[in-house]
**Student:** 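Have a look at this one.
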Number of protein chains: 2
Amino acid sequence: MRLTTKGRYAVTAMLDLAFHSDTKPVTLTDIAARQTISLSYLEQLFSRLRRANMVKGIRGPGGGYTLADTADKINIADIIAAVDEPIDATKCGGEANCQKEQACLTHDLWMGLSDQIRAYLKDITLAQLLEKHHVQTVAKRQDQDAEQVIEIHRHTELLSSLSE
Amino acid sequence: MRLTTKGRYAVTAMLDLAFHSDTKPVTLTDIAARQTISLSYLEQLFSRLRRANMVKGIRGPGGGYTLADTADKINIADIIAAVDEPIDATKCGGEANCQKEQACLTHDLWMGLSDQIRAYLKDITLAQLLEKHHVQTVAKRQDQDAEQVIEIHRHTELLSSLSE
DNA sequence: TACTTAACCCAGCAAAATAGTCAACTTTAA
DNA sequence: TTAAAGTTGACTATTTTGCTGGGTTAAGTA
């Protein structure tokens, strides 16, 4: 499992898609504009995402992309795996020839860690992220509202102190 | 937070160090040989690790590197952060100017996810990985031993069936 | 003191990954 | 049937990665 900007772009674009494709397909041009990712780069990414059955491409006017499944069925690990080349990362090619040697000691450790991260990301769905964001937005708005109230309160206090 | 081969090399090297530097300093030459990483690349990585106060360099004969702290105080996130260039990853530079626009919607989402991963890796220490590995090794050896027993058992069965 | 061993420092270089461009080619709504 | 909108692939520039080889400096050892 690797986490690079490429994977981030893919997840970001998929989030955008999940957020906007409820009614009609979303064009890559729109996503490119909203997320400031180059159209051509998006095309590359979605080519892979489509082949991995993460999205559906609809051609012709009014076309675009939609999620191939509901947002709660699409997890982050799969998105990243779809666009990232699976590097084997094993110097020994998974062969047992360096089993007893020191070389594979920490190598195994890293692979285990990598698996943990993969499992972790596999449990996070697009729907969860969207929901979380919604919560955050609401919370943020509430905070701002609260601050405004405080501000107003302070203001009236100031006024009343002046009028005394 | 990025997870690239560079970070993996760093974690692998640090694990090797944690595993071998109990008594005396470990030379980069040794790590290079054990983990099949080029010496010069290790020098680059350890230059950063040293500046980030993760390791201590001891010069001269008998010198090498040791962990700057105990293995249970060093976490994976810090190792990766030490060798990876911190990319800002924000197209808007963290400014509030695109707060209300669509552009920052999914951007915030990704940043949240990134924070989650960072927090996750921050909770994993070198000591934990070493312990886990130890358990794995023991478990694997036990499994192999068990298989051998089964194999012998099968073998004796075969022999006894032939002798009948 | 000379010698060795290692960390440290630096300039550069080849391969790979990233990000983007361009030009064809398909589909389909109007 | 035509033009808009999408797909596809080949091609290019830039950045990162991983590595090579040249040193210098500090600390032990003969």
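Keep in mind that this is a model prediction, so the values were computed, not measured. Chain naming here is simple, since letters A, B, ... match the order of the sequence lines and numbering starts at 1 in each. Hydrogens, waters and symmetry mates are skipped; everything else that's a heavy atom, side chains included, is used.
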**Student:** Under the salt bridge (charged side-chain N to carboxylate O under 4.0 Å, His left out) rule, collect the residues that match up with A:Asp30, sequence neighbours excluded.
**Tutor:**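 Applying salt bridge (charged side-chain N to carboxylate O under 4.0 Å, His left out) to A:Asp30 gives none.
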**Student:** Is there any side-chain hydrogen bond (donor to acceptor under 3.5 Å, both in side chains) pair reaching into residues 48-57 of chain A, and which pairs are they, with sequence neighbours excluded?
**Tutor:** A:Ser47-A:Arg51, A:Arg48-A:Glu85
**Student:** Select one nucleotide: of C:dA6, D:dC19, C:dG20, the one nearest the side-chain heavy atoms of B:Thr27.
**Tutor:**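 Selected nucleotide: C:dA6.
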**Student:** Expressed in angstrom and rounded to an integer, what is the separation of B:Leu17 atom CG from C:dA7 atom P?
**Tutor:**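 Those two atoms, CG and P, are 11 Å apart.
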**Student:** Can you tell me the distance, in whole Å, between the CG atom of B:Leu39 and the P atom of D:dT20?
**Tutor:** 9 Å
**Student:** Given atom CD1 of B:Ile31 and atom P of C:dA7, what is their separation to the nearest angstrom?
**Tutor:** 9 Å
**Student:** Using the 3.5 Å cut-off, write out each protein N or O paired with an N or O of nucleotides 2-4 of chain C and the distance between them.
**Tutor:**
none

**Student:** Extract all donor-acceptor atom pairs below 3.5 Å that involve side chains of residues 59-70 of chain B and protein atoms in other chains or at least two apart in sequence.
**Tutor:**
| from | atom 1 | to | atom 2 | distance (Å) |
| --- | --- | --- | --- | --- |
| B:Thr70 | OG1 | B:Asp72 | OD1 | 2.6 |

**Student:** With the sugar-phosphate defined as primed atoms, P, OP1 and OP2, and the base as all remaining atoms, what B/S/- string results for nucleotides 7-12 of chain D, 5' to 3', for protein heavy atoms under 4.0 Å?
**Tutor:** BBS---
**Student:** Provide, to the nearest angstrom, the distance between the CG atom belonging to B:Asp30 and the C1' atom belonging to C:dA7.
**Tutor:**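 In whole Å, C:dA7 C1' lies 14 Å from B:Asp30 CG.
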**Student:** Enumerate, atom names and distances included, each donor-acceptor pair closer than 3.5 Å involving a side-chain atom of residues 112-121 of chain A, sequence neighbours excluded.
**Tutor:**
| from | atom 1 | to | atom 2 | distance (Å) |
| --- | --- | --- | --- | --- |
| A:Ser114 | OG | A:Met1 | N | 3.0 |
| A:Asp115 | OD1 | A:Arg118 | NH2 | 3.2 |
| A:Gln116 | OE1 | B:Tyr120 | OH | 3.0 |
| A:Tyr120 | OH | B:Gln116 | OE1 | 3.0 |

**Student:** Between atom CZ in A:Arg8 and atom P in C:dT18, what is the gap in whole Å?
**Tutor:**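 Result: 12 Å.
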**Student:** List the atom of B:Thr125, the atom of B:Ala71, and the distance in Å for their closest heavy-atom pair.
**Tutor:**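 Closest heavy-atom pair between B:Thr125 and B:Ala71: CB-O, 3.7 Å.
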**Student:** Please check if the number of heavy atoms outside B:Glu131 that lie under 6.0 Å from its CD is greater than 12.
**Tutor:**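 Incorrect, the count does not exceed 12.
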**Student:** Describe the nucleic acid contact of A:Thr4 in one word from base, sugar-phosphate, nothing, applying a heavy-atom distance below 4.0 Å.
**Tutor:**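 Sugar-phosphate, no base atom in range.
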**Student:** B:Tyr9 versus B:Leu42: any side-chain heavy-atom pair under 4.5 Å?
**Tutor:**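 Side chain of B:Tyr9 against side chain of B:Leu42, heavy atoms only: no contact under 4.5 Å found.
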**Student:** Should B:Lys6 and B:Asp84 count as an ion pair when the cut-off is N to O under 4.0 Å?
**Tutor:**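 Salt bridge absent between B:Lys6 and B:Asp84.
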